[in-house]
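This report refers to the structure that appears directly beneath it.
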Amino acid sequence: LQIQFYISMTKLLTAFFLFFTLVSCGQTNSNLDKGKNRIDKVCDNFMQQFVAGKTDEAFELLRQNTVIQSSSIDTIKVAVADQIQNVFPQFGKMLSFEFVKEKKVKTFLSKRFYIIKFSKFFLQVEFILYNSGTGWTITSFHYSEEAGELFD
């Protein structure tokens, strides 16, 4: 009778152990997905602010969610302000933006592509995102008049 009790308890404890292991693994993946969803929304919000002409707010959002040095962000802001004044008018009116695609390397590296639509031209914008295991961050921000990688 005691042997049957120990076998039953062992099975019960094993079942609980497996259940809690599966639940904790599921929560870990869920947290990583939430972190990825959050950083994707940061990129989307950056684009919304930028296209709305709120570049200071856009770059502040970037500053809060990146490993890019603050001084580098300040340099980018100055360059962008100059291009908004001197180059963007050649592209026509800034109309909107659109998320185009995302390329992933496993579960730790991602590159998001956007297009800013002007009345006469476009700009490709890309964010590189990295997850070290402790959370997602933006590691690179770049825009250009090239569209080559969008066709890959």
Side-chain angles (χ1 to χ4, degrees), residues 13-152:
L13 290 174
T14 302
F16 277 123
F17 176 74
L18 288 174
F19 173 75
F20 288 118
T21 301
L22 291 173
V23 168
S24 67
C25 288
Q27 288 177 343
T28 300
N29 289 337
S30 176
N31 288 340
L32 290 176
D33 290 344
K34 286 180 186 173
K36 178 65 168 77
N37 289 337
R38 185 195 68 78
I39 205 72
D40 289 349
K41 288 182 183 187
V42 167
C43 295
D44 292 345
N45 289 338
F46 175 93
M47 295 300 296
Q48 287 173 343
Q49 298 288 336
F50 190 88
V51 170
K54 301 177 181 177
T55 55
D56 288 340
E57 291 89 341
F59 282 105
E60 189 56 37
L61 186 61
L62 179 63
R63 187 185 314 275
Q64 295 169 6
N65 292 280
T66 188
V67 294
I68 301 171
Q69 292 181 350
S70 190
S71 60
S72 295
I73 292 174
D74 292 339
T75 301
I76 294 168
K77 276 178 59 175
V78 169
V80 166
D82 180 61
Q83 290 178 349
I84 287 172
Q85 286 284 340
N86 299 312
V87 178
F88 286 13
Q90 297 170 25
F91 298 163
K93 182 180 178 191
M94 192 180 310
L95 303 172
S96 64
F97 78 94
E98 191 170 321
F99 171 72
V100 178
K101 70 179 180 176
E102 181 173 25
K103 291 183 177 180
K104 296 180 181 180
V105 175
K106 302 214 178 213
T107 60
F108 61 88
L109 192 60
S110 177
K111 191 174 195 181
R112 292 180 63 84
F113 294 90
Y114 295 83
I115 289 289
I116 297 177
K117 297 177 179 180
F118 291 83
S119 58
K120 297 178 184 176
F121 201 67
F122 69 92
L123 282 177
Q124 173 189 300
V125 179
E126 55 190 58
F127 295 90
I128 297 180
L129 315 174
Y130 175 66
N131 180 4
S132 65
T134 59
W136 286 91
T137 188
I138 299 170
T139 60
S140 176
F141 164 78
H142 178 74
Y143 66 94
S144 73
E145 299 171 20
E146 302 295 322
E149 209 170 340
L150 294 176
F151 295 106
D152 293 340

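Along the sequence shown, residues carry numbers from 1.
For Lys103, the salt bridge (charged side-chain N to carboxylate O under 4.0 Å, His left out) partners are Glu149, Asp152, not counting sequence neighbours.
Side-chain contact between Phe121 and Glu145: present, with at least one pair of heavy atoms (C-beta onward) separated by less than 4.5 Å. The side-chain heavy atoms of Phe59 and Ile76, taken from C-beta on, include a pair separated by under 4.5 Å. Within the 4.5 Å cutoff, the side chain of Arg63 has heavy atoms near those of the Asp74 side chain. Residues Phe141 and Leu62 are in side-chain contact: their nearest non-hydrogen atoms beyond the backbone lie under 4.5 Å apart.
What you find for Phe127 and Met47 is that their closest heavy atoms are CE1-SD, 4.0 Å. Across Gly92 and Ser119, no two heavy atoms sit closer than the pair CA-OG, 3.2 Å. The two residues Ile138 and Thr66 come nearest to each other via the heavy atoms O-OG1, 2.5 Å. In plain terms, the two heavy atoms of Asp82 and Asn86 that are nearest each other are OD1-ND2, 2.6 Å. Scanning all heavy atoms of the two residues, the minimum distance from Leu109 to Trp136 falls at N-CH2, 4.0 Å.
No donor-acceptor contact under 3.5 angstrom links the side chains of Gln83 and Gln85, judged on distance only. No hydrogens or angles considered: nothing links the side chains of Gln124 and Ser144 as a donor-acceptor pair under 3.5 Å.
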With side-chain contact (heavy atoms from CB on, under 4.5 Å) as the test, would you mind laying out the steps for Glu102 and Lys111 before giving the verdict? CA-CA 6 Å; Glu102 181 173 25; Lys111 191 174 195 181; over 6 Å; no
Could you please spell out the steps behind the side-chain contact (heavy atoms from CB on, under 4.5 Å) verdict for Phe122 and Ile116? CA-CA 6 Å; Phe122 69 92; Ile116 297 177; over 6 Å; no
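Atom NZ of residue Lys117 and atom NZ of residue Lys93 lie 14.5 Å apart, to the nearest 0.5 angstrom. In this structure, CG on Asn131 lies 11.5 Å from OG1 on Thr139, to the nearest 0.5 angstrom.
Within the cation-pi definition used here (under 6.0 Å to the ring centroid, within 45° of the axis), Lys120 does not qualify as a partner of Phe91.
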Table please: side-chain donor-acceptor pairs of residues 39-46 below 3.5 Å, with sequence neighbours left out.
from  : atom 1 : to     : atom 2 : distance (Å)
Asp40 : OD1    : Lys36  : NZ     : 2.5
Asp40 : OD1    : Arg112 : NH1    : 3.4
Asp40 : OD2    : Lys36  : NZ     : 3.1
Asp40 : OD2    : Arg112 : NH1    : 3.4
Asp44 : OD1    : Arg112 : NH2    : 3.4
Asp44 : OD1    : Tyr114 : OH     : 2.4
Asn45 : ND2    : Lys41  : O      : 3.3

Would you tabulate the side-chain donor-acceptor contacts of residues 48-56 under 3.5 Å, counting partners in other chains and residues two or more places apart, or write 'none'?
none

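Distance alone, capped at 3.5 Å, places no donor-acceptor pair between the Ser110 side chain and the Lys104 backbone.
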